[in-house]
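Accompanying notes for the structure given below.
Basis for what follows: all heavy atoms, side chains included, without hydrogens, waters or symmetry-related copies.
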Amino acid sequence: MANRRMFSLDVVNTDKFMDMPISAQCLYFHMGMRADNKGYLPAAGKALEKVPYRKDDLRLLIAEGYVTLHEDGRYQVEQNERIVRMNERKRRLWNCVSGSNEK
C-alpha cells in the first residue's frame, strides 16, 4: 500500500459528491487512503474500526457508486485504480517526451 494517494477533482468536485453528507465524504477519503492500488481495502474491518462512521454513510457510498462491496465481502474504492493507471500513462508519456528512463 502506498503512503500517498491522489483524489481526482473530476470525482470529488461534482454536485453528486458534494451533496453527500460530510461524514460520507470523509469516509470516502479515509477508505481511499487505506486502499491498495486497485482500490481494495485490505482488512477493511480493522481499517474502518479506526474511523468513526455511520453505516448509512457506507451504504450511501455504495449506492452512489463510489465504493463497491464485492460478494466476497471486500470493499473497493472505485476511483483508485483509474487514477493509478492515469498517473502511469502520464509518467510514461513524460518519460517519452523528456527522454528520461525513470520508472
Side-chain angles (χ1 to χ4, degrees):
M1 183 169 16
N3 287 329
R4 289 187 272 172
R5 289 282 175 230
M6 293 178 57
F7 294 92
S8 172
L9 281 177
D10 293 340
V11 173
V12 300
N13 205 30
T14 63
D15 288 341
K16 179 180 169 183
F17 188 85
M18 297 301 288
D19 286 343
M20 290 192 306
I22 294 295
S23 55
Q25 294 176 31
C26 187
L27 178 59
Y28 175 78
F29 287 120
H30 276 284
M31 292 177 82
M33 289 299 296
R34 288 167 174 79
D36 65 15
N37 284 346
K38 296 198 182 280
Y40 288 100
L41 267 80
K46 288 190 179 195
L48 294 179
E49 279 177 5
K50 299 174 185 178
V51 180
Y53 73 97
R54 296 177 304 165
K55 296 223 185 274
D56 286 343
D57 294 331
L58 185 54
R59 285 189 203 111
L60 180 60
L61 290 173
I62 292 169
E64 294 292 336
Y66 292 104
V67 173
T68 299
L69 173 59
H70 293 279
E71 290 180 10
D72 61 5
R74 293 185 304 161
Y75 291 100
Q76 183 180 21
V77 179
E78 290 301 323
Q79 172 179 315
N80 281 29
E81 188 174 1
R82 277 193 310 252
I83 289 175
V84 168
R85 284 195 316 258
M86 283 186 333
N87 288 339
E88 287 172 359
R89 277 192 295 250
K90 286 178 185 176
R91 186 173 49 246
R92 281 194 301 260
L93 178 61
W94 173 251
N95 289 344
C96 181
V97 170
S98 69
S100 174
N101 288 328
E102 288 182 32
K103 296 206 178 204

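- Both Met31 and Met18 belong to a common hydrophobic cluster when Ile, Leu, Val, Met, Phe, Trp and Tyr are linked at side-chain heavy-atom distances under 4.5 angstrom.
- Contacts of Ser23 classified as side chain to side chain donor-acceptor pair (under 3.5 Å), with partners at least two apart in sequence or in another chain: Arg54, Asp57.
- Side-chain contact check for Pro21 versus Leu60: some heavy-atom pair is nearer than 4.5 Å.
- Aromatic ring centres of His70 and Tyr40 lie closer together than 6.0 Å.
- Inter-residue side-chain proximity for Glu78 and Val11 is flagged as unmet; no heavy-atom pair is nearer than 4.5 Å.
- Contact detail for Leu41 and Val77: the closest heavy-atom pair is CD1-CG2, 3.8 Å.
- For the atom pair CG (Asp36) and CD (Gln76), the distance works out to 8.0 Å, reported to the nearest 0.5 Å.
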Run the numbers on Tyr66 and Met20 for side chain to side chain contact (heavy atoms under 4.5 Å, CB included), then give the verdict.
-> CA-CA 11 Å; Tyr66 292 104; Met20 290 192 306; 3.9 Å; yes
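- The OG1 atom of Thr68 sits 10.5 Å away from the CG atom of Leu61 when rounded to the nearest 0.5 Å.
- Legend: residues meeting side chain to side chain contact (heavy atoms under 4.5 Å, CB included) with Val12, ordered by chain and number and at least two apart, are Leu9, Phe17, Tyr28, Phe29.
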